Every structure is written in C-alpha cells, then in structure tokens.
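Only this structure's heavy atoms are used, side chains among them; waters, hydrogens and symmetry mates stay out. Every chain is numbered from 1 and lettered A, B, ... according to where its sequence line falls, protein lines coming before strand lines. Here the structure is a predicted model, which means the values were calculated and not measured.
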There are 2 protein chains.
Amino acid sequence: MSLSPPSSSVPIAPFVRLFGRYLREQGLPVTQQRQAIAEVVFGSDDHLSVDDIENQLRQEGDRIGKATIYRTLDLLVRSQLVAEHDFGEGFKRYEHRLSRQPEHEHLICTECGSVIEFKSHEVRAIKDQVSNAYGFRPSRHKLEIYGHCKSCQEAGVEPSDDGLTCPIETV
Amino acid sequence: MSLSPPSSSVPIAPFVRLFGRYLREQGLPVTQQRQAIAEVVFGSDDHLSVDDIENQLRQEGDRIGKATIYRTLDLLVRSQLVAEHDFGEGFKRYEHRLSRQPEHEHLICTECGSVIEFKSHEVRAIKDQVSNAYGFRPSRHKLEIYGHCKSCQEAGVEPSDDGLTCPIETV
DNA sequence: CTCTGTGCAAACACTTTGCATCTCA
DNA sequence: TGAGATGCAAAGTGTTTGCACAGAG
C-alpha cells in the first residue's frame with residue numbers, strides 16, 4: 001500500500017549507533033542485518049509494515065529473512081527507540097521515536113491508509129485524571145481517530161452507514 | 001481468561017428482537033444460532049472473545065461452530081448493535097452497545113486483562129478540533145489507556161522498563 | 001421449494017519457532 | 001573459539017472460506 005521512499009532528511013547514522021549501544025548494553029552482537037533494518041526504520045518517517053521494510057531492504061540489495069526482521073523489530077521496540085502500532089489492518093506497523101514528537105496521537109484514513117500525527121496535551125490531562133479516579137497506574141495510551149482524509153473526501157469517498165434504519169441513540 | 005457469568009440484570013429479549021429486526025430489514029433469516037449468539041452477547045456486559053462466546057454457548061447446551069459465531073458477529077457489528085475491540089491480545093473482543101454509555105473509552109490492565117470503561121467529553125472536543133484542523137472527516141475513535149489496575153498494584157505487580165539506560169527525552 | 005445459513009475442515013495471513021549453519025566479539 | 005544470529009521452512013495463531021447438507025421464509 002505505502003511504498004514509502006527514503007524520505008528522511010536528518011542523518012540517521014547516530015540513531016543506528018544508538019541502537020548499537022543498546023545491543024552492546026544487552027551483550028548482544030551488532031550484526032549487519034540489525035544495522036540494515038535499523039537504517040530503514042530510522043530512515044523513514046512513515047509507519048512501516050514488515051513488508052514495507054523487507055521491500056525497502058530488497059531495493060537496496062539486502063536480502064534479509066522475515067524472521068530476522070521480526071526478531072530485530074522486537075529488539076528495537078524493547079529498546080524503546082521504536083513504537084509498534086496496530087491500526088486494525090491485520091498486521092503491525094512500526095515507527096521510530098527519534099526526531100519527532102515523542103508522544104503523539106494518530107488520525108487514520110480508513111480509505112487510503114494514510115496516517116496523520118497530532119499532539120494533544122489534553123490527552124495527558126485526561127489520562128492522569130481518569131487514572132487517578134480509578135487508582136489505575138497508567139503506562140502507555142493510544143488515541144486513534146478513524147475516518148476519511150481530505151484527499152479521499154475530495155476524491156468523492158462517502159462515509160458509509162449500514163446499521164439499523166431506526167438507529168439507537170448514539171449521543 | 002474471563003469466564004464471564006451471565007451478569008446482566010436487564011432483560012435481553014428486546015435486544016435480541018432488535019437484531020431480528022435488523023436481519024429482516026436486510027432480508028436475512030433469523031436463525032436459532034444467530035439468536036443464541038445475540039443472547040450471549042447482549043446478556044453480558046463484558047468484552048467477550050469468540051472463545052468466551054463459544055464456551056458460554058456450550059455451557060448452555062448449544063453447539064455452534066466458530067465459523068457461525070464469526071459470521072454472526074460480523075452481522076452484529078454491521079448492525080451497529082455491537083462494537084468490536086482489539087486490545088492487542090492477538091484476538092478481538094466484542095461488546096454490545098445497548099443500555100450503556102454509547103460512547104466510552106477504556107482503561108486496560110496489561111496484567112490481568114480487566115477493562116474499566118470511562119466517559120470523557122473532552123475526547124469529543126479533541127476529535128472535532130483536530131479533525132477540523134486537518135480537513136479530516138472522523139467517523140469513530142478509540143482512546144485506550146494501558147497500565148496496571150488497582151488490584152494488580154496491590155498484589156505487588158511492578159511497572160517494568162527495559163529500554164536504553166540513558167533514555168531519550170520522553171516529554 | 002428456494003435461497004441462505006450451518007458446520008466441518010481446509011485455506012489464509014501474519015507471526016513465531018526449530019534447527020543447521022554462519023558471524024560477531 | 002564460542003555464544004549468539006541468521007535463514008529457511010515448518011508450526012502456530014486467530015480468522016475466513018468452500019462446499020455438502022439443513023433449515024427459514
């Protein structure tokens with residue numbers, strides 16, 4: 001769906017090195033494959049699927065097995081340099097957390113799959129307030145808004161509604 | 001994980017009939033299986049997995065194939081009488097939308113899987129405001145806060161953190 | 001009586017795992 | 001050199017689909 005060209009303009013080497021440091025801290029080898037995968041992830045500001053990553057690697061001449069990609073993504077997520085998302089497409093997407101808003105929410109187009117990031121400090125307030133009310137200790141949260149992006153609307157996509165004809169109250 | 005006893009105190013027959021009406025509107029047969037499945041879903045205020053539903057049916061003496069359960073849940077979701085959730089457990093959960101806050105958010109315990117529902121009108125404000133800013137036409141949203149519930153905290157569960165030792169800024 | 005649902009099992013898509021081999025440290 | 005990674009293919013998930021038979025309208 002998204003072929004995501006190498007779209008980053010900031011140098012990514014330092015980020016890859018940061019991952020290398022994490023690996024060394026954990027006593028794990030810094031392999032070529034792990035670096036190549038990290039380069040792809042840090043080199044794109046998109047929300048990449050495993051297939052996106054595999055394709056990008058292939059384009060660059062690297063042939064790395066899916067298993068290795070999954071295993072490396074697991075390490076990247078553990079290191080907290082990368083965040084994992086599930087937008088309900090049946091597979092996961094990955095997004096690096098460097099040089100961008102560390103905490104942000106998503107607008108997701110259910111037509112074309114594009115994702116817009118936005119920041120809202122109100123969310124943090126809600127999170128604290130509600131957690132407090134229930135004695136809950138929050139760690140992470142997600143706010144996702146699904147709908148149609150501007151271009152899909154302009155392309156004539158209509159919101160579909162298919163429920164009961166006499167709707168129940170949907171305050 | 002959750003064996004969810006028949007916990008509802010409101011009569012569920014009217015809700016099942018509402019589903020029957022939807023089916024008839026769509027020209028689809030109102031079968032025993034569909035009614036039995038609807039009864040289970042409307043009869044519980046929990047967030048049920050397909051296995052939960054299958055087990056509950058089995059306890060009541062009904063033997064309905066998983067395929068039928070999936071197909072019926074699809075109809076229930078389409079009718080908008082039931083909402084589908086993915087709390088990142090690797091499978092979906094289903095929750096009926098009758099006799100409860102039609103729009104609400106979730107606190108999810110990552111330890112025991114329990115779910116607390118809460119309502120926040122600020123979310124709607126954020127949704128409208130942000131959508132407006134991006135020319136986005138929103139349909140649905142989700143706000144989920146993950147963490148540890150009160151009882152798991154009291155049971156001594158500690159939040160774990162395993163990232164880089166020198167963390168990046170996490171404003 | 002016809003159209004659709006049902007149940008089973010096979011198919012599916014994404015992800016994980018086992019194992020022989022190779023690589024970093 | 002040895003712990004650990006890699007790649008392939010096989011196994012595992014939850015979910016969907018194909019098809020012969022059964023049931024609702």
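Of the residues in residues 64-72 of chain B, B:I64, B:G65, B:A67, B:T68, B:R71 come within less than 4.0 Å of DNA chain C through at least one heavy atom, sorted by number.
In this structure, B:F91 places its CZ atom 17 Å from P of C:dT15, rounding to the nearest Å. If you take CZ of A:R93 and P of C:dT15, they are 11 Å apart, rounded to a whole angstrom. The separation between B:Q35 atom CD and C:dT6 atom P is 11 Å, rounded to whole Å. At whole-Å resolution of the value, CG in A:L23 and C1' in C:dT23 are 15 Å apart. At whole-Å resolution of the value, CG in B:L57 and C1' in C:dT6 are 14 Å apart. Following rounding to the nearest Å, A:L75 (CG) and D:dA5 (P) show an atom-to-atom distance of 8 Å. Taking atom CG on B:D51 and atom P on D:dT13, their separation rounds to 12 Å, with Å as the unit. Distance, A:E84 CD to C:dC14 P: 15 Å, rounded to whole Å.
Side chains of B:K66 and B:V50 form a contact here, defined as non-hydrogen atoms less than 4.5 Å apart. Residues A:F91 and A:D51 are not in side-chain contact: their nearest non-hydrogen atoms beyond the backbone lie 4.5 Å or more apart. Between A:L143 and A:F118 the shortest side-chain heavy-atom distance falls below 4.5 Å.
Counting only N and O atoms by type, the side chains of B:H141 and B:E103 include no donor and acceptor under 3.5 Å apart.
Environment of CD in B:Q32: sparse, with no more than 12 heavy atoms of neighbouring residues, nucleotides or ligands closer than 6.0 Å.
Contact check on B:D128 versus B:R124 returns no salt bridge, with no Lys/Arg side-chain nitrogen under 4.0 Å from an Asp/Glu carboxylate oxygen.
For the OP1/OP2 pair of C:dG7 and a distance below 4.0 Å, the side-chain nitrogens and oxygens of B:R63 include no atom meeting the criterion.
Going from atom CG of B:L76 over to atom CZ of B:F42 covers 5.5 Å, rounded to the nearest 0.5 Å.
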Can you give me the N/O atom pairs linking the protein to nucleotides 23-25 of chain D at distances under 3.5 Å, or say none if there are none?
from: D:dG25; atom 1: OP1; to: B:V30; atom 2: N; distance (Å): 3.3

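Under the ring pair (Phe, Tyr, Trp, His ring centres under 6.0 Å) criterion, A:H85 pairs with A:H47, A:F87, A:H106, sequence neighbours left out.
Listed here is the closest heavy atom pair of A:S139 and A:K127: O-NZ, 3.5 Å.
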